[in-house]
Amino acid sequence: MDFDLNEEQRLLKDSIDGLLTDSYDFESRKKYMKEKGGWSKAVWGKLAEQGLLGLPFAEADGGFGGGGVETMIVMEALGKALVLEPYLATVVIGGGFLRHAGSDAQKAAHVPGIIDGSKTLAFAQLEKNSRYDLFDVATTAKKKGDGWIIDGEKFVVLNGENADTLVVTARTKGDRRDKTGIGVFLVPASAKGVTKKSYPTQDGLHAADITFTGVEVGSDAAIGNPDDSLALIERVVDEARVALCAEAVGLMDESLKTTVEYIKTRKQFGVAIGSFQSLQHRASDMFVAAEQARSMSMFATMAGDFEDARERSNAIAAAKAQIGKSLKFVGQQAIQLHGGIGMTMEAKIGHYFKRLTMIENSFGDTDYHQRRVADGGGLI
């Protein structure tokens with residue numbers, strides 16, 4: 001198979017690499033972390049100007065009709081630069097729900113704002129006892145006339161502090177762990193009854209715990225079938241997992257590069273520690289692990305287009321499991337080869353390790369995805 005990028009994809013890669021090289025060095029990132037919500041509105045605007053926020057949307061909706069490979073290119077670049085902006089939450093996940101199941105009216109109301117950078121979204125899915133099970137939903141959406149009333153709690157909602165619109169999973173019927181009776185709803189973040197508790201996460205991003213108390217939304221709030229949207233949720237979350245795999249590859253690339261540069265300059269016993277054969281072997285093992293992850297990221301990207309849900313889910317679970325192993329090895333080796341300085345806030349390698357660790361635990365950790373593969377299809 002031909003894994004080379006075509007000319008348009010190479011131009012996209014050069015474009016985003018150039019933008020982030022100019023706008024996103026480590027010192028700038030520390031400044032962006034102190035802005036409201038923990039990310040830079042100016043950088044978000046630059047991403048919009050280059051068309052990156054509209055990349056996966058259909059041309060009919062004002063986007064560029066990009067596919068999985070284009071998203072992979074962007075996410076890998078965002079990983080290398082340790083970008084804080086909510087591309088995953090807004091474009092990949094929020095945009096994914098709109099692309100796959102949004103009505104024409106819903107797309108018209110939300111997609112233009114996503115593309116021009118004026119609107120961000122957040123996915124409110126995780127609950128107190130749900131862990132990684134997407135079907136474990138206690139939050140309820142009950143009919144009231146033509147609309148709905150939503151009650152419940154969601155936790156660790158990335159970009160929940162700043163999002164204009166929340167994409168909320170809620171149960172319309174059945175018991176908490178039933179795989180039917182689950183809907184997806186677009187809820188204005190400013191709606192009456194929505195309360196937030198915001199906080200920074202370990203990797204420098206920001207999240208919020210959100211409570212919904214008698215939140216009223218109209219009939220147009222439901223995306224797709226409000227009584228049977230688990231398959232839609234699984235598909236969009238699979239796309240998020242693929243995007244995280246690509247981001248992890250970018251993070252591992254930069255972690256390896258930073259570590260090799262460090263051991264070439266750090267001296268012990270009067271010589272650079274990179275001259276020690278044992279450390280060269282460890283750096284070589286890091287390279288192999290990163291390349292394994294790259295191959296699996298490409299595989300996951302292709303699998304994202306599989307129409308068979310079980311085949312797609314199994315392939316992506318396998319990729320997430322392998323990349324989870326690789327990122328843990330690369331991250332831990334990078335910290336060890338840096339020594340004590342790698343644990344300080346001043347050294348960027350520690351920030352890469354934190355983000356890698358958070359990715360490993362996002363939408364299913366390595367053990368979870370290994371069980372999905374063992375079950376022969378992943379839909380557990």
With a 4.5 Å cut-off on side-chain heavy atoms, are [Y] and [X] touching?
| X | Y | answer |
| --- | --- | --- |
| V217 | K144 | no |
| L126 | V157 | no |
| L12 | L55 | yes |
| T172 | W148 | yes |
| V83 | W44 | no |
| R99 | E239 | yes |
| E254 | K348 | yes |
| H206 | S198 | no |

Look only at the side chain of [X] and the backbone of [Y], and say whether a donor-acceptor pair between them is shorter than 3.5 Å.
| X | Y | value |
| --- | --- | --- |
| T258 | S255 | no |
| S103 | Q106 | yes |
| K154 | T169 | yes |
| Q9 | N6 | yes |
| S219 | G147 | no |
| T165 | P188 | no |
| S23 | L19 | yes |

*asked:* Angle between ring planes, F123 versus F97, binned at 30° and 60°: parallel, tilted or perpendicular?
replied: tilted
Pairs satisfying salt bridge (Lys or Arg N to Asp or Glu O under 4.0 Å), at least one member in [range], at least two apart:
| range | result |
| --- | --- |
| residues 67-78 | E76-R294 |
| residues 156-169 | none |
| residues 349-359 | D203-R355, E247-R355 |
| residues 298-309 | R235-E307 |

*Would you list the pairs meeting ring-ring contact (aromatic ring centres under 6.0 Å, His included) in which at least one residue belongs to residues 216-272, sequence neighbours left out?*
Y262-H338
Any donor-acceptor N or O pair under 3.5 Å, side chains [X], [Y]:
| X | Y | answer |
| --- | --- | --- |
| S28 | D25 | yes |
| T366 | E360 | yes |
| T140 | D151 | no |
| S40 | K46 | no |

If you measure from the Lys or Arg side-chain nitrogens to the Asp or Glu carboxylate oxygens, is any gap between [X] and [Y] under 4.0 Å?
| X | Y | answer |
| --- | --- | --- |
| E127 | R171 | no |
| D238 | R241 | yes |
| D365 | R371 | no |
| E261 | K264 | no |

*Should R10 and E7 be marked as a salt bridge (charged side-chain N to carboxylate O under 4.0 Å, His left out) after you check the CA-CA gap, both sets of side-chain angles, and the distance that decides it?*
CA-CA 5 Å; R10 286 195 297 271; E7 184 177 355; 5.4 Å; no
_By side chain to side chain contact (heavy atoms under 4.5 Å, CB included) - contacts of Y199 (at least two apart)_ = V156, T201, A207, D209
